[in-house]
Each structure stands twice: as C-alpha cells, then as structure tokens.
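Here's the structure, in structure tokens; my notes come after.
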Amino acid sequence: MKIERSIYLKKLIDRQHNGMIKVITGVRRSGKSYLVFNLFYDYLKSQGVDNDHIIMVNLESRRNIKLRNPDSLLDHIDSRMHDDNMYYILLDEVQLVDEFEDVLNSYLSVPNADVYVTGSNAKFLSKDVITEFRGRGDEVKVYPLSFSEYMSAYNGSQQRGLDDFMTYGGLPFILSLKSEEQKSTYLKNLFAETYIKDIKDRYKIRHEDELEDLLNIISSSVGSLTNPAKLVNTFKSMKNISITADTLKSYLEYLCDSFLVTKAMRYDVKGKRYIDTPYKYYFTDTGLRNARINFRQDEKTHLMENIIFNELLIRGFNVDVGVVPVVKIGDDGKQHRSQLEIDFVCNQGSRRYYIQSAFRMDSDDKRRQEQASLLNVRDSFKKIIITGEEGLIHRNEQGITTMSIYDFLLNPDSLEL
C-alpha cells in the first residue's frame, strides 16, 4: 500500500542542496522512515541519481548495530563517497548513534553531501541540539496521516472513513489492519510498550503512576483549558495525591517533546497579546488518545476539534486559542466583562483565519452561540465555522463562512473558498 505524502515530499525536495541538515521528526510510527527511504528515494531515482550516490542506513536495524558507533558510521559513509558528485545521505533513527551531533556536523563542510536524518527522541528536538548544528539544522515535522491522505487508501465512504479516522487515528499501519480488535490492540500496545516506555526511560521518571494518571486526565479532557496548578487540585481531589505544579509542568513538557500532545496557547485577539495560562492540549493522533482511555469516550465534538487543530498544523499554520474580551450592560445598568472563545486563530505569513469547530448547529441558539465570538472580532480577516454536518459552503450577510468538516479536510485550499 503506497500513500503519497506529497506535503512532506515537497518539503524535502524544496530543501535539496541547501547546505543544511534536514531533520525529519515526529511521533513514532507516523511514517518518517517511509517518507525518506521510499518516497524520497523513489524521487531521487526518478531524477537520475545513481544508487551508489544514495547512502541509506537504517540505524534501528540490528544488522547496523555496529554503525551506532559514531566513528564507524563516519567511516562507513566516507568509504561510499568516491567522487565529487552529489551524495544523498539518508539516516534513519540517528539518535541511536552516540554523539550523533558530531557525526552530522562533520558533513556540514562537505559540499557534495546532502544529509537527511530521521529521529523520534525528544533530545533530537531540544534547542541545545539544534544549536549543535550551528544554525544549519532544518527541521521537517511529520504528522500521522491527514484525513485526505487516509482516504486515499481507505476502502469506504467519506462518512464511514471519518468515523474510523476519529476513532483509530491516522498512524499509517492502521490502514493495513482489518478488524476493530486488531486496531485497538495495536494502538494500546504501541502506547504502552513504545511511547510511555520511551518517556519513562528517557527522563528517568520516578513517579510512574502520576505520569500515567496525568495522561488519563489529559486524554479525558482534550481541548479543555488546564494548567499545572489546576491539575494539582485535580490530583488532590480525585486521586488524593499530592504532587507539585513543577513536576506536572515537567511531565507535560515531556509529553509534548515526545510528540504525543501539542500545547495551544491562548491569544487575546483585541489586546494582541498572549495569555500565560491556562492552555489547551491536543493529541497528535486521536487513535492514540482513544487507546489511552480504552476507547471509552467517543465525543465527536472534541475529536473533531482535535482533528481540525492537527490539520491546521499539517498545513503549516501557527495555531492559537483565541480569546475575545467583551463588555455588556447588565440589567442592573452596570458593565459586566466576560470572555468569548474562538477555537483557533491561525496565522501563516500575512494570512489569518478565525475558526470555530461546531459538530452540530441544529438550532438558532446554537448558531448564535458559535457566531458570537467571531462577530466580536473587529477586523477583516476571514471567519469560518466548520461543522460535522454535510452541506454546501456558504457565507452569510455578516461575513461568516460555514463549511462541512469534509470540505475542510479534503480540500487543501478550503480556507480560501
């Protein structure tokens, strides 16, 4: 089964020969290796690059365990380079190499070496490692399949496809599994035996139960506002556990660094400033989120919001949660201040969009509720409501565009419609 991941392939093609180390990152099993070792390799071959000028090393393979030694890896690559023509060096899971930063930096001054590496380790993304690349590390983030990519290999209707995508997510291997039991078992095992184990081993977690409890809380409240102080109270009231805010803050950072979740900051649209706390957390893959809570909660409202957030990141937007302060005169004649929320404020260069996620808008009250925050934004940027219901894209007299989740996810230019 071949899935064309054209967004990421184009990013690699655009970065060819730029004198930087192309660092492909993302959650485990999201398709990084397939992107580099299959899709990008096929592209290089289609451009006439000879096999002996493509040096590929899968460092996760036991057969290459000796090459996890930095000097052995350097010797191996150097021994393959015989002329002044361009060589493409493709290294998979390079964080398994000791002192891998030095290995990569060794090729920054080699004019006929174009280097592409994948990695899943959180250390791979930290600022000090990027600094080790002397400002010449070029990161490409790979996400699980978008819904459009998912549907390109899915055998069924869009409606059934979206239901399955919400439930089991977009890790590519999911599409090769036939039964619901196989899918749920795969995701639960992957979560427990790979992701959680990675975090515990990497950060030497002492309070493993608290980390597990935090994951359960975050999984059960996707898209809800929270912060370490609030979570401290949750642990105390629900678990009768005393844990510090600093510890929880560290654990949340570990989850983000491991690509399992992404933090969304709150942005005051009128005041044009960020609000320090609370935040929202979304899962990189809804299937992993559902697996964490044993597929107990199937709230399509929150799952759709999570999927929209991920899609916006895939399209390259910077995404915040919008806050719109409003002042109303109450029955007592006094001013009352409150805040309305915009699900997503999306920025990319000079473009900005305000987006609301509304799984159902089946009443006038619900419609007014979803439009309220958008109508209180006094600028000319496009305002959009995405619904879970099928229907034609339309724009009302107040300038708000409404479109279905299918139109949004399946058309890469949907925000321009």
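Residue numbers count from 1 along this sequence. None of these values were measured; they are calculated from a predicted model.
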- Task: Check whether any side-chain heavy atom of Gln47 sits under 4.5 Å from a side-chain heavy atom of Leu44, and report yes or no.
- Result: no
- Query: Is the count of non-hydrogen atoms from other residues, nucleotides or ligands lying under 6.0 Å from Arg63 atom CZ greater than 12?
  - Reply: no
- Item | Donor-acceptor under 3.5 Å (Asp320 side chain, Tyr267 main chain) | no
- Query: Less than 6.0 Å separating the ring centroids of Tyr88 and His17?
  - Reply: yes
- Look at the rings of Tyr150 and Phe147 and say which category their plane angle falls in: under 30° parallel, 30 to 60° tilted, over 60° perpendicular. parallel
- Task: Check whether the ring centres of Phe40 and Tyr116 lie less than 6.0 Å apart, and answer yes or no.
- Result: yes
- Identify, with sequence neighbours excluded, every residue that meets side chain to side chain contact (heavy atoms under 4.5 Å, CB included) alongside Pro70. Val97, Asp98, Glu99, Val103
- Modelled atom types, side-chain donor and acceptor of Asp198 and Tyr203, under 3.5 Å: no
- For the pair Lys383 (side chain) and Phe381 (backbone), establish whether a donor and an acceptor sit closer than 3.5 Å, ignoring hydrogens and angles. yes
- Test: Arg160 and Asp164 ion pair at under 4.0 Å: yes
- Report the C-alpha separation of Asp114 and Lys22 in whole Å, then their side-chain angles, then the decisive distance to 0.1 Å, and conclude whether the salt bridge (charged side-chain N to carboxylate O under 4.0 Å, His left out) test is met. CA-CA 8 Å; Asp114 199 19; Lys22 275 65 73 172; 2.5 Å; yes
- Item | Rounded distance (nearest 0.5 Å) linking atom OH of Tyr195 with atom CZ of Arg29 | 7.0 Å
- Message: Tell me if the CG atom of Asp201 is crowded by more than 12 foreign heavy atoms within 6.0 Å.
- Response: yes
